[in-house]
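To start, the structure under review is shown below, and the notes come after it.
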Amino acid sequence: MTIKNKWIIALVAIGIIGFIIVEGVVNPKLEAEQAEYEAEQQHPMTHDFAALQKYHSPYMGDFSNLSHLNQALPLHDQLNGYQLYPETFTAQVNYSLDTSEMDTADLEQILVYNATANFVLIDNLEQVVYQFKDTSHALSREAAQQWAGTELKALQDPVQWDSVVRSKLEKPAKVQEAFSQIVDN
C-alpha cells in the first residue's frame, strides 16, 4: 500500500467520523435547542421580547410588520388572519381558537402580554381586538399605559419590559387585575 493510498483511507475515515458526529450529535442537539426555544416562545414568562425589536414601527398600517410581530408572539400557532381599521388605529387579530379550549388565566396573561407588545412596538396603534371563535376582547393603548404606569416607549428596552410587564404578569391575581384594567369590554 502506497503512502498516497494510506492518506486517502485516513481522509475517508476522518470524513465518516465527522459525518457521524455532525449527524449523530451536533444536529440533534441543535434541533433540541430550537424546539426548546420554540416552546419558550409560546409562554409570556419565557418569551424572548428582545427578538421583537426588529418589528418596531411608527405606523399600524404597516400590515407586513404587524403580521410578523404577531407571528412572533405567544399563541401565534392559532392565528387566523388580521383586519386593520386605520380610521380608529385598530388592529383586529383573529384566532382559530375557542376560548373554552384554554385555561382562562393563561389566555388573559397571553392577551395582556401580546397587546402590550403591540402597543410598545407600534407607535400609533390605539386598540387591539382579539377575535376568537366564541368571543372577542378589545384592549386599548391608554388602559395598557395606565396599567404599566410608564410611557410605553420606555418598555422597548427589554430590561424595562421584564421589570414592568413580565413582573406584573407573574402571579395569577395580578394577571386577572391587569386583564380587567386593560380590556375595554
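If you read the sequence from its start, that first residue is 1, and numbering goes on from there.
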Margin query: side chain to side chain contact (heavy atoms under 4.5 Å, CB included) for Glu40 and Met45? Distances and angles first, verdict last.
Written below: CA-CA 8 Å; Glu40 289 175 352; Met45 293 297 105; over 6 Å; no
**Request:** Evaluate the side chain to side chain contact (heavy atoms under 4.5 Å, CB included) criterion for residues Val159 and Phe49: first the C-alpha distance (whole Å), next the side-chain angles of each, then the deciding distance (0.1 Å), finally the verdict.
**Result:** CA-CA 10 Å; Val159 174; Phe49 179 77; over 6 Å; no
Do side-chain atoms of Gln41 reach the backbone of Leu73 as a donor and acceptor pair under 3.5 angstrom?
no
Looking only at heavy atoms, the pair that brings Pro158 and Gln53 closest together is CG-NE2, 4.3 Å
Checklist line | Side chain proximity check, Leu152 to Arg141, heavy atoms < 4.5 angstrom | finding: yes
query: In terms of side-chain heavy atoms, does Ser180 have a donor or acceptor partner in Gln176 at a distance below 3.5 Å?
result: no
Close side-chain approach of Arg166 to Tyr113, heavy-atom, < 4.5 Å:
yes
**Prompt:** Judged by atom type as modelled, is there a donor-acceptor pair below 3.5 Å linking the side chain of Asp103 to the main-chain atoms of Asp106?
**Reply:** yes
Within a strict 4.5 Å, meaning less than it, do heavy atoms of the Phe132 and Leu107 side chains meet? yes
Are side-chain heavy atoms of Pro74 and Asn114 found at a separation under 4.5 Å? yes
- Min side-chain heavy-atom separation Tyr59-Ile122 under 4.5 Å: no
### Query
For Gln131, does its backbone N or O pair with a side-chain atom of Ser136 as donor and acceptor, under 3.5 Å?
no
Ala178 and Leu169 have their tightest heavy-atom pair at CB-CD2, 4.4 Å
Report task. Please check if any side-chain donor atom of Asn118 sits under 3.5 Å from a side-chain acceptor atom of Asn70, or the reverse. Result -> yes
- May I ask you to test the Trp147-Lys168 pair for a side-chain heavy-atom distance under 4.5 Å? yes
Check your understanding: Any side-chain heavy-atom pair from Asp77 and Gln42 closer than 4.5 angstrom?
Key -> yes
Taking every heavy atom of Ala91 against every heavy atom of Leu66, the minimum-distance pair comes out as CB-CD1, 4.0 Å
side-chain contact (heavy atoms from CB on, under 4.5 Å) with Tyr130: of Ile110, Leu111, Thr99, Val183, only one passes, and it is Leu111
Would you call Phe119 and Glu126 a side-chain contact if the rule is heavy atoms closer than 4.5 Å? no
Per side-chain contact (heavy atoms from CB on, under 4.5 Å), Glu151 is matched among Gln160, Gln156, Gln145 by Gln145
- Task: Ignoring hydrogens and angles, state whether a donor on the side chain of His56 or Asp123 is under 3.5 Å from an acceptor on the partner side chain.
- Result: yes
His68 side chain vs Ser64 backbone, donor-acceptor pair below 3.5 Å
yes
Okay, side chain of Asn65, backbone of Tyr55: is any donor-acceptor separation there less than 3.5 Å?
yes
Checklist line | Polar contact flag, side-chain donor to acceptor under 3.5 angstrom, Asn94-Gln92 | finding: yes
